[in-house]
2 protein chains.
Amino acid sequence: MVKKVVIVGGGIAGIYVLRNLLARREDGLDLTLLKRERSGWVSTCGLPFALRGWYEIKRTEINEPKFFIDQGVDFRTETEVTELNLETKTVKIATGEELAYDYLVIATGRAPSVPEAVANTELEGISTFNNEDDARKIEAAMAGAENAFVRGRGIIGLQAAVAFASKGLKTTVLGGPPSLLPASLDPDMGDIVKKWLEEKHGIRFILERKEITAVRGEGGRVKSVVIGDGEEIPAEVVVIARGMRPNVRLAVDAGIATGDSGGIVTDSAMHVRRGRGYLRDVFALGDCTEVIDGITHRPRLSQLASTAVVQSKVVADNIISDIRGEPSLYSISEPCLSPTVAEIGGLLVGSVGLTTEAAARAGIKTLSGTATKLVKARYFPGAKPLTMKLLFEAYSHKLIGAQMVGESTVAERVNELEMAIRAGMTAEEIRNTERCYDPSLSLLIDVTIDATEKAIGITPVY
Amino acid sequence: MVKKVVIVGGGIAGIYVLRNLLARREDGLDLTLLKRERSGWVSTCGLPFALRGWYEIKRTEINEPKFFIDQGVDFRTETEVTELNLETKTVKIATGEELAYDYLVIATGRAPSVPEAVANTELEGISTFNNEDDARKIEAAMAGAENAFVRGRGIIGLQAAVAFASKGLKTTVLGGPPSLLPASLDPDMGDIVKKWLEEKHGIRFILERKEITAVRGEGGRVKSVVIGDGEEIPAEVVVIARGMRPNVRLAVDAGIATGDSGGIVTDSAMHVRRGRGYLRDVFALGDCTEVIDGITHRPRLSQLASTAVVQSKVVADNIISDIRGEPSLYSISEPCLSPTVAEIGGLLVGSVGLTTEAAARAGIKTLSGTATKLVKARYFPGAKPLTMKLLFEAYSHKLIGAQMVGESTVAERVNELEMAIRAGMTAEEIRNTERCYDPSLSLLIDVTIDATEKAIGITPVY
């Protein structure tokens, strides 16, 4: 018997559920994906680099809708879902059409919180930066612009700012105090990023508790923003990239539970909760859901493509198993550590686990060590410094967080330290770890060992 | 009361014990280091790159002897130790002088097995490649040479071969069957390296059970080598870099135990064994010792600078604790996994844990998965492929080995997978691991996940 799977949302989360289901080649699967944007499978994280001119926006579209349609998927773009009805097991779209489902997958993503003064304007040149449609709007606004303004000091905000600055726009970033990328970096580490962006890219930062209070325009286009109770900053391009919140309206209207984080609550198999129980046939994943933190064991948001990809395998496996009448063996046995990495104007920024502030909020006492060291022997070309900060739980000495900034090797080190956190490795164990060594590639005693030794009060022998 | 520490050997192992002791700034320590070579602290692993012309040999001398002498160390170069007397607690050197010790550290390193036909010749142009003195000999022989011959297909042999080939010498490497770097790589992975070196560097490989049976010369200099029962290969430079064996003669003569591996036996605090017990005041570390394998839990050789560096901390800590009359808390709690990485003519080769053959020898059944993938999104510059092979224990699915070849990110991935092995992570856990993602730096689902999924029979969704 044919089973209908309807996926709401075509970001990484929705697309990866679709791709996993297609890869399973299960007979009798009827697949529908409904998305609001115009494209197929887009590498959203590649968009900021397109604005920097590294390649065209089109290049980030890995597959057009046709790719999926040709495989028999009812792949609908520019389609707005207006209602999920869990009683009748139908999804209603803006045209009024209702689509029946056997399995519903909610992958509605997230959206920035738009300040009131911005939400109420009709001026062109102002945009969020959430998808490929936004990228096209921003690209259009950049043409001929001389000034840019970014609201938000997270990865997307900073990557947008770098794109503007590298195209010669005078760029201002407004974010809260005290420093950049607070979800990933402690202030001392965030300040390294700030200094880099000020010095190498001429970006101005306003890190104060201020909001955009007005936007002013001319001929229907934005010309400046006013912040707090006074300063007016010229800007022909304005990007809002702050306060990313899960898109949960459809889910909430359907009676699905959300948590304190604002995200949809799921069990370990990504089933949603409604009333007292989890629903066998309704799944949620990606930026719209909350996850269980791997260290605090409490719910939070993750909102990373890398988290969604792991969840997508769980969803696909549970759907297939349910269809077959077999128990699924697949749940998320590993709680979330949210490893992140970002290239921000030539500086690579990485983190995994808790920041000092996040640990304190969770009542976890920490020891920390910070070290700066070249990534390989100084007599080799490309021997650039990397600064690493490691956080250990003060009693057990277990690694609970890592932050780093440098010009190379950051992504791989984040993955390494994620393994160390998952493994519950202590500072003493990490200190005793052999590090693979070739002077043209690495150091015999590298920055990880130095930062670890500092955290436990040992002077590193470099 | 002054305590005398005598360190025999000035390679990485000996130097790092010295440096750790110096860093502890313990009062009343009288430090002596005796080494055969002419230099101070040399980055031996940097020498092959000097032969390629990346920098001068001198550049690999990180500190001259004066650096240590100025800190009050009796640092003696060109000094041959002839006897260790554990009864009188003295070390005799070639001049006949006897030095008393309270703590003796044996760091006598290793040496290649030199074929008989080579050992018996006086011809110039033939050398081992074990230290800076050897490097100078080889450099001298390279001047004006047109042909080079390398006996040995390990890291040192191949790096020497690349140096010769990149200087325009017609280069031949003789090693046993079936493939390159057998200590680190399975034959399928070793063949990738072989093909690279043949195609990019024009190196000829003879991988057969043959030995050098004669060397022929002219005017006191080598001109050719004869292998097996016939072929004569022109060579004005010959390097012997095979069958590295621990230098244990001094230790054995002093009654210190060695194991089946040929290395000195130690306890977890690096004390040597003599008769039935371990000696509180005699330590051994580095290439001359055997280690306990982290997976098989059986003794073997490691012979890596990275292993010696971890051991050096243990030795220094145990000496200081013993002097203070305190119990040392420091032993090697983590058995050895020997992560390795090497740059071999532009190709990076890495490994950690067991190869398929080493696993089979230890009676361990394996599952393996191999995948090739770009290290980052294909629309970014420098997106080069990396091939990874992962080995899992067949019953528990725990990771027990990783091998990789590629043009970047290898060192950091080796360290990551070392953490995963130490942590006892299973294929299923690794498959569920979030990977930090920025398309300019990494992939959402990277080669590690693909290789893992293949090992357990799942088709990767790329």
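Heavy atoms only: backbone and side chains are in, while hydrogens, waters and symmetry mates are out. Residue numbering restarts at 1 for every chain, and letters A, B, ... go by the order of the sequence lines.
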Please check if the distance between the ring centroids of A:Tyr379 and B:Trp54 is under 6.0 Å.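 Ring centroids of A:Tyr379 and B:Trp54 are no less than 6.0 Å from each other.
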
Is A:Glu56 atom CD crowded by more than 12 heavy atoms from other residues, nucleotides or ligands, each under 6.0 Å away?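 No, CD of A:Glu56 has 12 or fewer neighbouring heavy atoms, counting only those of other groups under 6.0 Å.
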
B:Lys373 atom NZ: more than 12 heavy-atom contacts under 6.0 Å: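 Yes, enclosed.
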
Name the region of [X], side chain, backbone, both or neither, that has any atom closer than 4.5 Å to a heavy atom of chain B.
{"X": "A:Val341", "result": "both"}
{"X": "A:Ile12", "result": "side chain"}
{"X": "A:Leu22", "result": "neither"}
{"X": "A:Arg431", "result": "both"}
{"X": "A:Ser351", "result": "neither"}

So how far is it from [X] [atom1] to [Y] [atom2], rounded to the nearest 0.5 Å?
{"X": "B:Ser306", "Y": "A:Ile445", "atom1": "OG", "atom2": "CD1", "result": "10.5 Å"}
{"X": "B:Asn415", "Y": "A:Asn415", "atom1": "CG", "atom2": "CG", "result": "12.5 Å"}
{"X": "A:Thr448", "Y": "B:Met419", "atom1": "OG1", "atom2": "CE", "result": "7.0 Å"}
{"X": "A:Glu416", "Y": "B:Cys436", "atom1": "CD", "atom2": "SG", "result": "11.5 Å"}
{"X": "A:Thr459", "Y": "B:Arg24", "atom1": "OG1", "atom2": "CZ", "result": "9.5 Å"}

Candidate pair B:Val310 and A:Thr433, rule side chain to side chain contact (heavy atoms under 4.5 Å, CB included), full reasoning: CA-CA 7 Å; B:Val310 173; A:Thr433 304; over 6 Å; no

Inspect the contact between [Y] and [X] and indicate whether a charged nitrogen and a carboxylate oxygen are less than 4.0 angstrom apart.
{"X": "A:Glu434", "Y": "B:Arg422", "answer": "yes"}
{"X": "B:Lys313", "Y": "A:Glu453", "answer": "yes"}
{"X": "B:Glu343", "Y": "A:Lys376", "answer": "no"}

Is A:Leu348 close to B:Leu441 at the side-chain level, that is, under 4.5 Å between some pair of heavy atoms? yes

Report yes if some heavy atom in the side chain of A:Asp446 is under 4.5 Å from a heavy atom in the side chain of B:Glu412; otherwise report no. no

Considering only heavy atoms and a distance below 4.5 Å, find which of A:Ala423, A:Ala342, A:Ala23, A:Pro381 pairs most often with chain B.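 Most heavy-atom pairs under 4.5 Å with chain B: A:Ala342.
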
Contact class of [X] relative to chain A, heavy atoms under 4.5 angstrom:
{"X": "B:Ile449", "answer": "side chain"}
{"X": "B:Gln311", "answer": "neither"}
{"X": "B:Ser408", "answer": "neither"}

Best-contacting candidate, [options], against chain A by heavy atom pairs under 4.5 angstrom:
{"options": "B:Ile155, B:Thr409, B:Ile430, B:Asp438", "result": "B:Asp438"}
{"options": "B:Ser338, B:Gly424, B:Ala377", "result": "B:Ser338"}
{"options": "B:Val414, B:Asn20, B:Leu444", "result": "B:Leu444"}

Here the pair of heavy atoms bringing A:Ala411 nearest to B:Ser442 is CB-CB, 4.2 Å

Side chains of A:Tyr437 and B:Ser43: is there a donor and an acceptor less than 3.5 Å apart? yes

